[in-house]
Amino acid sequence: MRITVVGGGVIGLLTAIECVRAAGVDRVDLVDAGPIPSPSATSNDRLRVVRALHRGDPALTQAAAPAHAGWMDVEERIGSRFYHAAGALTAMPVRDAAAELAILTAAGAKAWALSPDDLASRYPRIRFPDGTGAVLEATAGVVLADHALVALARWLVRRPEVRLHPHRRAVEISQNDRVVMIRFADGGSHTADRVVMAAGPWSRELVPAAIASDLTLYRQTVLSYQPPAWLRDWAGMPAVLGLGPGSDAWLMPTVPQSDAPLRLSAASACRPVAEMTDRVPPDQWREHLVGVFSEVLPAFDPAAVVDATDGFYLAERTRGGPLLATYGAGTVLAYAACGGMSFKFAPQIARAIADRAVGASPRPTGLDSVDRPRQLAAVGEE
Ligand SMILES: Cc1cc2nc3c(=O)[nH]c(=O)nc-3n(C[C@H](O)[C@H](O)[C@H](O)COP(=O)(O)OP(=O)(O)OC[C@H]3O[C@@H](n4cnc5c(N)ncnc54)[C@H](O)[C@@H]3O)c2cc1C
């Protein structure tokens, strides 16, 4: 069986690896519109957080609990280090901490609750409002995402059954007699028995209109923050979430293997947009985050914001998260929406997509939109 994966972000790379490992696959092709990995892929950032807790959502927390071990397992298989088990701290009203801790521990995560006094003494550089407690997940961390993508691509390059095709933008996918044809912007074409599309926020250009019309594009601003003593003061911190006036701001720490500045953002800096344009944040959104973090970090210095960029992702309109779709009698699988948390789930999602691609029984992810993909009868048909 010949499988072609379109898109070399974290989902495409890991799916290609899973296909190589599956029985009965003779050839895996991975195509990307840019280099592999591409600097413009959503996945190609310095850090991505892996944590289980989704407040008030035991099912999603249960689904996310294996992500920590999943990333350590990927490291093991690839023979490279890019996961840093820094932990994740979620701030919340102290009265909620016991219930959230119970959800986490029931899901198998290792975690404990912190009191307001614990927070004040352990994290003096963060301002927590009165009455704020937290849950600290030990089985959580951050992936050095850009390092991970390079390691995954290198692993694939070494496999004789794999071909990487950078700088080939797919413009059309069609299906005929159980063979799938991909047409490229350069006029060329390519056929495969199965095609997996994992084109991230560009997916609307490739999937049938019936799917594309159900996807919303989001744009989120992130600040890079490097105060003078940042390495000394911030190294060894967990990822911190639940911050700020809306309890929706987050801080990604710096980690020992990386000289990346702190990354600061908030759900309130995420907005629906019509198109992907540039990645330069409008002043309004940069200023919004400066306002939020002036409240969160007592010593916040706007002059230490060394960069600000926007990232994009697609989400399914009704459930707001990822979306897997199959069509062309199951010969085409499209990870049509990556959602705002697919990086941590990527090892699980890639395994489930590869299972479907090779005709094996798909291992469950706990994500309804992946375990029960949307099915279209054929390309262009509902
Ligand atoms: C600001 C921000 C913070 C985030 N933080 C987290 C986090 O902490 N934890 C987490 O789990 N998730 C997080 N996410 C979400 C996560 O990063 C994404 O869900 C994930 O990286 C998507 O990966 P992907 O492989 O599906 O897409 P991408 O990484 O975008 O890859 C898509 C690839 O497809 C290629 N491509 C596109 N069109 C074509 C075409 N026509 N032909 C060929 N190739 C094509 C692109 O060049 C690209 O390389 C965050 C997202 C944002 C925006």
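Atoms within each ligand, like the ligands themselves, are counted from 1 in listed order.
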- Task: Run down the list Val31, Val49, Val5 and name the one with the heavy atom closest to atom 9 (N) of ligand 1.
- Result: Val49
- Message: Does only the side chain of Arg168 get under 4.0 Å from ligand 1, or the backbone, or both, or neither? Count heavy atoms.
- Response: backbone
- Can you say whether the rings of His68 and Tyr83 are parallel (under 30°), tilted (30 to 60°) or perpendicular (over 60°)? perpendicular
- Under 3.5 Å, is there a donor-acceptor pair linking the side chains of Glu316 and Ser369? no
- Query: Would you say the side-chain atoms of Glu75 pair up with the backbone N or O of Phe82, donor to acceptor, closer than 3.5 Å?
  - Reply: yes
- Query: Between the main-chain N or O of Asp301 and the side-chain N or O of Tyr225, is there a donor-acceptor pair closer than 3.5 Å?
  - Reply: yes
- Look at ligand 1 and say whether Arg219 reaches it with a heavy atom at a distance under 4.0 Å. no
- N/O donor-acceptor pair under 3.5 Å between Glu137 side chain and Ala52 backbone: yes
- Message: With a 4.0 Å cut-off on heavy atoms, is Gly8 in contact with ligand 1?
- Response: yes
- Heavy-atom proximity to atom 14 (N) of ligand 1, picking from Ala350, Gly340, Pro35, Ala346, points to Gly340
- Query: Which of the listed options, Gly12, Gly34, Ser43, holds the heavy atom that is closest to atom 24 (P) of ligand 1?
  - Reply: Ser43
- For atom 30 (O) of ligand 1, which protein heavy atom lies nearest, and how many Å away is it? Thr42 OG1, 2.7 Å
- Item | Expected output: side-chain Thr61 to main-chain His54 donor-acceptor under 3.5 Å | yes
